Amino acid sequence: MQHPIAIIGTGLAGLSAARRLHEAGLPVQLFDKSRGSGGRMSSKRSDCGSLDLGAQYFTARDRHFSTAVQHWQAQGWVAPWLPRLYQARQGQLSPSADSQERWVATPRMSALCRQLLGDLPVQFDCRISEVFRGSQHWQLLDSQGNSHGPFSAVIVATPAPQASSLLSAAPSMAAQAASVVMEPTWAVALCFDEPLDTALDACFVQDQALDWMARNQSKPGRETHHEQWILHASSTWSRAHIDLDKTAVIDLLHGEFAELLGCRIPPATLRLAHRWLYSRPAQAHQWGALAQGELGLYACGDWCLSGRVEGAWLSGQEAARKLLEHRDA
Ligand code: FAD
Ligand code: NAI
């Protein structure tokens, strides 16, 4: 019997690898510490509808990724987003239209990962704490003390700081993952019962606590009567305020948002904050994916490439390609 390949992480990188291996006829078993798939592409369900608190949109610059995006568009999983785009410099707003194609999953960002997961075997609420190799096969241990396996190979598809301890069977890979610094992002969602009197749908902000704000329901497929706004703080501000309590973070970012928009802001009907500890790698890499084929241990994630949705997908493809290549050798 062929033992499955364990994939730790059901963000886009893990699912990209899982799909490619599944299509090659190999059995996979996925694990995620969260209640659902999506990772940093997840969306939070709220009384005001789903809110994209992590990745906002994605661009496709790589040829292979563009082909995948076209396929997803044909399936109705993603759609182009054409926001009325602004920028803010030194507190001044100005229109900043461009011709960049930007994509979002519909009806919420997490839906793409949900579609890619399909009916692949997965265990949620399962935080893997140890990955070790027996005489021939791999075993995983979760934080509840349960053992999982045997597996023929393991792909670690978590953010780099969480990957390094899971890669201890291959010290050089563990050290490579440990060398990646990942920056935090404070995200805030605000919902209102009435539309705000502003022309902008999305805005790149410079030199402020915020670096992004977007009208969530301006994305295609969002069916809500609420006015939903997502605010992201810059890495610098997020790092400096990493331990601030959520109410204070919301107050500060809400205040800056109101000042930037300069229109009347009604009382918010919902305000929430989420702290992404490992939101983006401090720098891009050209690693593709990490691999020790003879051991059967692989690692992928946005941190191996561009630190974006596209990089996560490409890295997952590369981990699967390396695994298949080693198997066929
Ligand atoms: P993740 O999505 O982080 O997936 C890793 C998964 O591993 C998670 O589901 C996690 O729960 C799981 N996991 C971790 N440790 C364990 C463990 N021990 N056991 C089991 N499971 C575990 N990119 C863009 O292209 N455009 C954007 O607009 C954009 N905006 C962003 C805004 C924010 C606030 C953030 C946080 C990110 C943004 N990104 C954006 C980046 C983009 O979201 C990521 O590049 C991409 O989603 C990363 O995918 P991944 O699969 O590599 O990692
Ligand atoms: P992109 O090409 O739209 O944006 C890249 C960057 O270029 C933007 O961050 C912005 O600074 C600038 N820019 C682009 N168009 C602009 C315009 N019309 N006016 C003014 N500035 C403009 O998308 P790409 O390269 O795919 O990047 C994805 C986005 O995801 C970026 O905005 C990036 O900052 C964000 N991101 C955020 C993360 C986080 O943790 N907050 C993590 C990873 C990505």
Side-chain angles (χ1 to χ4, degrees), residues 6-18 30-42 52-61 65 81 83-89 94-104 109-110 112-113 116 122-131 140-143 148 155-163 165-166 182-188 202-206 210-212 214 230-235 238 274-282 284 289 299-316 319:
I7 300 180
I8 307 169
T10 60
L12 190 60
L15 289 167
S16 163
L30 290 127
F31 298 90
D32 204 295
K33 67 180 173 60
S34 299
R35 271 179 300 164
S37 58
R40 279 169 281 158
M41 290 181 80
S42 62
D52 299 334
L53 283 179
Q56 297 295 293
Y57 64 86
F58 54 91
T59 56
R61 303 199 169 113
F65 186 57
W81 180 36
R84 290 170 294 175
L85 203 52
Y86 277 63
Q87 62 182 347
R89 293 201 171 147
S94 57
S96 193
D98 63 21
S99 55
Q100 175 67 55
E101 196 161 43
R102 295 182 174 84
W103 297 92
V104 295
M109 212 57 179
S110 59
L112 174 61
C113 288
L116 291 172
V122 61
Q123 225 170 310
F124 289 121
D125 288 317
C126 183
R127 180 190 289 270
I128 302 301
S129 49
E130 246 182 87
V131 174
L140 309 184
L141 202 62
D142 69 31
S143 55
H148 306 267
I155 299 181
V156 176
T158 68
Q162 292 159 328
S165 66
L166 301 177
M182 292 193 74
E183 299 282 5
T185 297
W186 270 113
V188 164
C203 181
F204 295 106
V205 184
Q206 284 185 6
L210 289 175
D211 78 359
W212 169 257
I230 305 294
L231 319 178
H232 284 165
S234 69
S235 302
S238 301
H274 181 85
R275 185 181 66 175
W276 297 98
L277 267 184
Y278 307 125
S279 75
R280 62 168 121 207
C300 59
D302 65 336
W303 50 276
C304 291
L305 285 166
S306 67
R308 293 156 48 242
V309 167
E310 178 179 67
W313 185 83
L314 288 169
S315 180

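Small disclaimer: the values here were computed from a predicted structure and weren't measured. Below, all heavy atoms of this structure are taken into account, side chains as well, without hydrogens, waters or symmetry copies. Note that ligands are numbered from 1 as they come in the structure, with each ligand's atoms numbered from 1 the same way.
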*Asks:* Considering Ala60, Gly307, Ser165 one by one, which has a heavy atom nearer to atom 41 (C) of ligand 1 than any of the others?
*Replies:* Gly307
*Asks:* Relative to atom 26 (N) of ligand 1, which among Tyr57, Trp103, Trp303 owns the nearest non-hydrogen atom?
*Replies:*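 Checking each option, the heavy atom nearest atom 26 (N) of ligand 1 is found in Tyr57.
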*Asks:* Do Ser94 and Arg89 pair up side chain to side chain, a donor and an acceptor below 3.5 Å, judged on atom types alone?
*Replies:*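 No donor-acceptor contact under 3.5 Å links the two side chains.
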*Asks:* Among protein heavy atoms, which sits nearest to atom 33 (C) of ligand 1, and what does the distance come to when rounded to 0.1 Å?
*Replies:*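 Of the protein heavy atoms, Gly54 C, 3.7 Å lies nearest.
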*Asks:* Look at atom 17 (C) of ligand 2 and say which protein heavy atom is nearest, naming residue and atom and giving the distance to 0.1 Å.
*Replies:*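 In this structure, atom 17 (C) of ligand 2 has Ser96 OG, 3.4 Å as its nearest protein heavy atom.
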*Asks:* So, for atom 40 (O) of ligand 2, does the protein have a heavy atom nearer than 4.0 Å?
*Replies:*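 Neighbour list for atom 40 (O) of ligand 2 includes protein heavy atoms (cut-off 4.0 Å).
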*Asks:* When you measure from atom 37 (C) of ligand 1 to every protein heavy atom, which one gives the shortest distance, and what is it?
*Replies:*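 Here the closest protein heavy atom is Ser279 O, 3.8 Å.
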*Asks:* Relative to atom 5 (C) of ligand 1, which among Ser42, Cys300, Cys113, Ala157 owns the nearest non-hydrogen atom?
*Replies:*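 Going through Ser42, Cys300, Cys113, Ala157 one by one, Ala157 has the nearest heavy atom to atom 5 (C) of ligand 1.
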*Asks:* Counting from 1, what ligand 1 atoms have a heavy atom of Arg308 closer than 4.0 Å?
*Replies:*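 Going through ligand 1 atom by atom, the ones under 4.0 Å from Arg308 are 23 (N), 25 (O), 45 (O).
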*Asks:* Has ligand 2 got any nitrogen or oxygen that is less than 3.5 angstrom from a nitrogen or oxygen of Tyr86?
*Replies:*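 No.
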*Asks:* Short list, please: which atoms of ligand 1 are under 4.0 Å from a heavy atom of Arg127?
*Replies:* 18 (N), 19 (N)
*Asks:* Are any non-hydrogen protein atoms located under 4.0 Å from atom 22 (C) of ligand 2?
*Replies:* yes
*Asks:* Just to be sure I'm reading this right: ignoring hydrogens, which of Thr158, Leu12, Val309 gets closest to atom 16 (C) of ligand 1? Compare them by their nearest heavy atoms.
*Replies:* Thr158
*Asks:* Identify, for atom 11 (O) of ligand 2, the protein heavy atom at the shortest distance, and state residue, atom and that distance.
*Replies:*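 In this structure, atom 11 (O) of ligand 2 has Phe204 CD2, 4.2 Å as its nearest protein heavy atom.
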*Asks:* Minimum distance, heavy atoms only, to atom 40 (C) of ligand 1: which one of Ala160, Ala55, Cys126, Ser235 is it?
*Replies:* Ala55
*Asks:* Which residue supplies the protein heavy atom nearest to atom 25 (O) of ligand 2, what is that atom called, and how far is it?
*Replies:*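 Going by distance alone, atom 25 (O) of ligand 2 is nearest to Arg61 NH1, 3.0 Å.
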*Asks:* Quick one: does Arg280 get an N or O within less than 3.5 Å of an N or O on ligand 2?
*Replies:*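 For ligand 2, there is an N or O atom that lies under 3.5 Å from one belonging to Arg280.
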*Asks:* Kindly indicate whether atom 6 (C) of ligand 2 is approached by any protein heavy atom to under 4.0 angstrom.
*Replies:* no
